[in-house]
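Bear in mind the structure is a predicted one, so any value in this text is a computation, not a measurement. Each residue takes its place number in the sequence, starting with 1. Computed from heavy atoms alone, side chains included, the values below leave out hydrogens, waters and symmetry copies.
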Amino acid sequence: MKYKLFSNCFPVKGAAKSIVVDIQRNDYKNIPNSLYNILVENPVLDFDMLNSKYGDENIVDEYKSFLLENEMIFECPENELDNFPPISTSFFKPYVLTNAIIEISKLIEHKIKEIKESFDEFGIQDCFLMFYEDDKALLSKIMEEFSDSRLISVQILYPFRNKVNFKSIKTKYQRITKLIFFNSPYEKTLEGLPSIVHTKRNISSFKHCGQIRNYFVANIDSFLESLNHNSCLHKKISIDRYGNIKNCPAMSESYGNIQNIPLNEGYMKEGFRKYWNLTKDEIEVCKDCEFRYICTDCRAFTERTHFNKNNIDKSKPLKCGYDPYKSQWEDWSINPLKKKAIEYYGLKEIER
């Protein structure tokens, strides 16, 4: 009997090991590079033939058991092989922009209606609101304005307050999918409310963003977008606390200010989309990492080691401590090779 790999399972090769990403289950499994080679070189898996080819029946049987146990392969009669074509790896969303970040301040309060209208014109579906100060009146005003918007998801970062009624906020504003309370006395996710998170981190600026940890997203949208585009900045727009229009609030480049120009004018400026199609396959070190398509990226804070002729920064994200050549994680902030970049960005005093 012959077998096929389920089309929702994608092998991804790294320098030291590989993974199989299951975009249907939003999961992945570690595999050796030898199994990766078998999977990509054999669209049809004939394990009897593989035993003869590799001359190591035990290891081939182990691979077969692993793949069956994790439901990555299925039996397929030879006359039905063509009935299971691969999933297209193209990516398309019919929106000008899909996601946004706003650093909330009094400076932009009178622009909320205009921002909401621009978001609807762009087709933005996901928005992250950053509150560095306690201002429940402004939070309510923004959410009321967004109540008839095209937004599907709103995530909020907010300073911890004991008397905030978490459940009422979530119930009243159905678009809120995640509440993150920083400067909390504890680290936890509230039981029964996975969308409410507490962290002890004292966040005062967007310099805390960009950390790459072993938390990965493997759903079909994020995986295919990462294959084709930048996993952080593609179709993203941001407004920092001063009203500057940016790719990300932590980046230095600005494309105008909402006090002077509309968002769609800033979006059209030269250079705004320069990082949209920079995939992990083009970024140093990341291109050799098995997690590259399920990991996010950061162009705001990089190791600043590789720039192309167009001054596109292709360096590894600064706040990533993973070494794909050793398959090891380490504390990025104490790596002596990152010292100059840490000093350049003024991150020495930032909690990591």
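By the neighbour-count criterion of 12 heavy atoms within 6.0 Å, atom CD of E270 is sparsely surrounded, having that number or fewer from other residues, nucleotides or ligands. More than 12 heavy atoms of other residues, nucleotides or ligands lie within 6.0 Å of CG in N260, so this atom counts as buried by the packing criterion. Annotation: E133, atom CD; neighbour count of heavy atoms from other residues, nucleotides and ligands within 6.0 Å does not exceed 12. In this structure, F307 places its CZ atom where more than 12 heavy-atom neighbours from other residues, nucleotides or ligands lie under 6.0 Å away.
Between I104 and M130, every side-chain heavy-atom pair lies at or beyond the 4.5 Å cut-off. Residues I142 and L129 meet the side-chain proximity criterion, which asks for heavy atoms closer than 4.5 Å. Taking 4.5 Å as the limit, every side-chain heavy atom of D126 sits out of range of all side-chain heavy atoms of L151. You'll find the side chain of E330 stays beyond 4.5 Å of the side chain of D323, heavy atoms only. At a threshold of 4.5 Å between non-hydrogen side-chain atoms, the residues R299 and P317 count as touching. Side-chain contact between H306 and D313: absent, with no pair of heavy atoms (C-beta onward) separated by less than 4.5 Å. At least one side-chain heavy atom of N247 sits less than 4.5 Å from a side-chain heavy atom of Y255. Between L50 and L45, the closest side-chain pair of non-hydrogen atoms falls below 4.5 Å.
Looking at Y242 and Q259, their side chains never bring a donor and an acceptor atom within 3.5 Å of each other. A donor-acceptor contact closer than 3.5 angstrom links the side chains of N8 and D22. A donor-acceptor contact under 3.5 angstrom links the side chains of Y158 and D134, judged on distance only. Between the side chains of S149 and D120, not a single donor N or O lies within less than 3.5 Å of an accepting N or O. There is a side-chain donor-acceptor pair under 3.5 Å between D281 and Y293. Judged purely by distance below 3.5 Å, without hydrogens or angles, the side chains of K200 and N183 never pair a donor atom with an acceptor atom. For the residue pair D297 and S231, no side-chain donor N or O sits within less than 3.5 Å of a side-chain acceptor on the partner. In this model, a donor atom of one side chain and an acceptor atom of the other lie less than 3.5 Å apart for N219 and S222.
The six-membered or imidazole ring of Y267 lies near that of F122, with a centre-to-centre distance under 6.0 Å. In summary, the aromatic rings of W276 and H234 are positioned with their centroids under 6.0 Å apart.
Considering CG of L224 and NE2 of H229, their distance stands at 9.5 Å, rounded to 0.5 Å. In this structure, NZ on K319 lies 5.0 Å from CH2 on W332, to the nearest 0.5 angstrom. The line from SG of C286 to NZ of K314 is 12.0 Å long, rounded to the nearest 0.5 Å.
By the criterion of side-chain heavy atoms lying less than 4.5 angstrom apart, applied directly or through intervening Ile, Leu, Val, Met, Phe, Trp or Tyr residues, L39 is not grouped with Y28; the two fall into different hydrophobic clusters. A single hydrophobic cluster is seen to contain both V40 and L67, as judged by linkage of ILVMFWY side chains at heavy-atom distances under 4.5 Å, directly or through other members. Note: the hydrophobic cluster containing I101 does not contain M251 (ILVMFWY, side chain heavy atoms under 4.5 Å, direct or indirect links). Hydrophobic clustering keeps I294 apart from L5 (ILVMFWY residues linked when any side-chain heavy atoms are closer than 4.5 Å, directly or through intermediates). With hydrophobic clusters built from ILVMFWY side chains whose heavy atoms lie under 4.5 angstrom apart, M268 shares a cluster with I237.
In this structure, C248 and F206 approach most closely via the heavy-atom pair SG-CE2, 3.6 Å. Residues P77 and M1 share a closest heavy-atom pair of N-SD, 4.2 Å. For the pair D288 and P324, the tightest heavy-atom approach, listed with the atom from each and the gap, is O-CB, 3.5 Å. Heavy atoms only, all atoms of each residue included: F272 and G266 are closest at CD1-O, 4.0 Å. When all heavy atoms of F160 and P185 are compared, the pair lying nearest together is CE2-CD, 3.5 Å. Shown here for K280 and C295, the closest heavy-atom pair between the two residues is NZ-SG, 3.7 Å.
Taking the six-membered ring for Trp and thresholds of 30 and 60 degrees, Y3 and F47 have ring planes more than 60 degrees apart, a perpendicular arrangement.
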Using the rule given for salt bridge (Lys or Arg N to Asp or Glu O under 4.0 Å), can you reason through E265 versus K269, listing the C-alpha separation, both sets of side-chain angles and the distance that settles it, and then say yes or no? CA-CA 7 Å; E265 196 173 311; K269 287 197 173 183; 5.8 Å; no

For Y132 and I203, run side chain to side chain contact (heavy atoms under 4.5 Å, CB included): C-alpha distance rounded to whole Å, both residues' side-chain angles, the deciding distance at 0.1 Å, then the answer. CA-CA 7 Å; Y132 298 119; I203 299 173; 4.1 Å; yes

Take N99 and K235, measure what side-chain hydrogen bond (donor to acceptor under 3.5 Å, both in side chains) needs, and give me the verdict at the end. CA-CA 7 Å; N99 60 108; K235 294 199 172 186; over 6 Å; no

Check the pair I180 / I156 against side chain to side chain contact (heavy atoms under 4.5 Å, CB included), numbers first and verdict last. CA-CA 6 Å; I180 305 168; I156 297 172; over 6 Å; no

Let me see the working for H198 and E187 under side chain to side chain contact (heavy atoms under 4.5 Å, CB included), right down to the final yes or no. CA-CA 5 Å; H198 290 264; E187 294 270 350; over 6 Å; no

The test is side chain to side chain contact (heavy atoms under 4.5 Å, CB included); show your working for V21 and V12 and say whether it passes. CA-CA 7 Å; V21 181; V12 182; 4.1 Å; yes

Indicate every side-chain donor-acceptor pair of residues 89-96 with a distance under 3.5 Å to a residue at least two apart or in another chain.
from : atom 1 : to   : atom 2 : distance (Å)
S90  : OG     : S88  : OG     : 2.9
K93  : NZ     : D221 : OD2    : 3.4
Y95  : OH     : Q125 : NE2    : 3.3

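Judged by the 6.0 Å distance and 45° axis criteria, R304 is positioned over the aromatic ring of Y344. Annotation: cation-pi pair K4/F84 absent, no NZ/CZ under 6.0 Å from the ring centroid and within 45° of its normal.
The ring-ring contact (aromatic ring centres under 6.0 Å, His included) check on F6 picks up F74, with sequence neighbours excluded.
K246 and E253 are not joined by a salt bridge, as no carboxylate oxygen comes within less than 4.0 angstrom of a charged side-chain nitrogen. The pair E284-K316 fails the salt-bridge criterion, with no side-chain N (NZ, NE, NH1 or NH2) lying under 4.0 Å from an Asp/Glu carboxylate O. Salt bridge K340/E343: absent, no basic N to carboxylate O contact under 4.0 Å. Remark: K113 engages E117 in a salt bridge, criterion side-chain N to carboxylate O under 4.0 Å. Taking 4.0 Å as the cut-off between side-chain N and carboxylate O, E75 and K2 do not count as a salt-bridged pair. For K141 and E144, the salt-bridge test fails: no basic side-chain N is under 4.0 Å from an acidic carboxylate O.
Under the 3.5 Å distance criterion, the side-chain polar atoms of D27 are left unmatched by any main-chain donor or acceptor of I23.
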